Amino acid sequence: MRIQLDFAAVLSQWPLLLNGIAWTIALTTVATLIGMLLGILCAQMRAKGPVAVRFGVGAYIELIRNTPFIVQLFFIFFGLPVAGVRLSPETAAFIAIVLNLGAYAAEIVRAGVEATPRGQIEAAVSLALTPFQVFTRVVLPPALKKVWPATVSQIVIVMLGSSVCGQISVPELSYAANLIQSNNFRAFESFIVAALLYLALSVVLRKFLNWAGPRLLFGR
Amino acid sequence: MGGLTFDWIGVLGGAPLEWLELGVLTTLYVTFAGFLVATLIAIVLLGLRISEKQIIQWPAITVVAVFRNTPLLVQILFWYFAGFGLLPADWRAWINDDHSWAMLPGGVGLLTPEFLAATWGLGVFSGVFIAEEIRAGLMAVAPGQREAALAQGFGHWRCLGYILLPQALANAWQPVVGQYLNLMKLSSLAAAIGLAEITYQVRQIESYNSHALEAFAVGTLLYLAIGMVMGQILLRCGPRSGTMIRGGIRRGP
């Protein structure tokens, strides 16, 4: 059996692929920005909040971390309309991906925050910093620095996981690839192209985050 | 949420219950099969990766980079739509035949394109991660251990089998268990190629009687329960750091 490869048939659909890449980047960016904030908030709530809040946040984190992302996404997209909340596929995807990264980020950030030496906090308090200042100026930057490699890995995982959003017809990259192969039956070529694009995206994303983290978040 | 009523019988009775049972069985089977494939792949990759020859390391590094940096969904779709098509035509015909002997208890077909593609995709993806976790565990073993073993006359392979790997496995066991649990959770992606596991069945119930909330709640709890049981079993069976000499992993290569 001879296999004829025809990558041109896939690459000629570049507007679809480009749109897919844009959606993948959009999902990842929103997940990173809001998800990290949510994660930091949850980490603090789980460590310092009242017992009820602590329990609630803990339940949220364990529920998200112990169930598949696709089930979370389906729950939001197919389940919530029954309760009267009807969302577009895109909105559902954004909510699911933010909630997902938030839970994982909370655990990662918590590990970093717990590793802060007590003396640093005491020193900051004795310098009359408010609790908020202590957290944002003294505790958080070194904590983020310690856990940045783990955070970068998690963000890359979320970027790759955003491919699942295609299952509720968000037009991201894997949805585009699947659409192309169902139009022209070039399954091999279109998934190879998608895989290479994801590979490039994750290499670039990793490089960017390793570059941006020290400069923007915790000053070398 | 006024007026929201739950009807659990619509999910936990009649046809939906049968579907869910089939779904749980399928998830368990594909997880177990993926577990075996992942372990084999991890052993092979680790063997290549810890070789001292660059030429042998290189393919393993490439495989690891490619499979870790592309989404599992794309990989599964690739194996199902493209990989399966690359098999010789008579193999495909043979797989698509009826095989009464390849029926697992509960009526889950082992020799179907869906099951094979899902198992293989999950196995390769997880195997790559597991190999890297164990390699990290290997790097965390104090260099003095290796030097001491070599000084006592251990050869390269015996040193690896008796001294380094047991400690590496103990170091890495927690993340390795995490990867096996991840494999179980990720088996939900096989719903995309029509493998009738829990996620697929939940969606089927949802379109059958539109009990979406109940169906997804049950699906979530099922994954949670399977994960907790599986995690406990794996953690108990595995080596613990600090007790590796008496902990029952003195088995050599």
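Here the structure is a predicted model, which is why all the values come from computation and not from measurement. Just the heavy atoms: all of them, side chains too, but no hydrogens, waters or symmetry mates, feed the values below. Each chain gets a letter, A, B and so on, in the order its sequence line appears, and its residues count up from 1.
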Which atoms of B:R203 approach chain A - backbone, side chain, both or neither, heavy atom under 4.5 Å: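 The answer is the side chain of B:R203.
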According to the salt bridge (charged side-chain N to carboxylate O under 4.0 Å, His left out) rule, which pairs have a member within residues 127-141 of chain B, sequence neighbours left out?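 Output for this query lists B:R49-B:E132, B:E132-B:R135.
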Show every salt bridge (charged side-chain N to carboxylate O under 4.0 Å, His left out) that has at least one partner inside residues 37-50 of chain A, sequence neighbours left out.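 Listed once each, the pairs are A:R46-A:E62, A:R46-A:E107.
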Interface residue of largest heavy-atom contact number with chain A, from B:L222, B:V66, B:V74, under 4.5 Å: B:V74
Who wins among B:L73, B:I226, B:L221, B:L72 for the most heavy-atom pairs under 4.5 Å with chain A? B:L73
Is it the side chain or the backbone of A:R186 that comes within 4.5 Å of chain B heavy atoms, both, or neither? neither
Would you mind checking which part of A:A177 comes under 4.5 Å of any heavy atom in chain B, side chain (CB onward), backbone (N, CA, C, O), both or neither?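 Answer is neither: A:A177 stays 4.5 Å or more from chain B.
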What pairs meet the ring pair (Phe, Tyr, Trp, His ring centres under 6.0 Å) rule with one or both residues in residues 210-233 of chain B, with sequence neighbours excluded? none
Below 6.0 angstrom between ring centroids: does that apply to B:Y208 and B:W19? yes
Indicate, with yes or no, if the rings of B:F78 and A:F188 have centres closer together than 6.0 Å.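 Ring centroids of B:F78 and A:F188 are less than 6.0 Å from each other.
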Just say parallel, tilted or perpendicular for the rings of A:F78 and A:F74, cut-offs at 30° and 60°. perpendicular
Under the ring-ring contact (aromatic ring centres under 6.0 Å, His included) rule, what do B:F81 and A:F185 come out as? Steps first, then yes or no, please. CA-CA 9 Å; B:F81 286 111; A:F185 300 109; 9.9 Å; no
When only heavy atoms count and the cut-off is under 4.5 Å, which of residues 176-198 of chain B reach chain A? B:K185, B:S188, B:L189, B:A192
Taking atom types as modelled, find out whether A:S88 and A:T91 have a side-chain donor-acceptor pair closer than 3.5 angstrom. yes
Determine whether B:V202 and B:V218 satisfy the following criterion, side chain to side chain contact (heavy atoms under 4.5 Å, CB included), listing intermediate values before the conclusion. CA-CA 8 Å; B:V202 163; B:V218 170; over 6 Å; no
For chain B, which of A:P81, A:G79, A:P68 has the most heavy-atom pairs under 4.5 Å?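 Option with the top pair count is A:P68.
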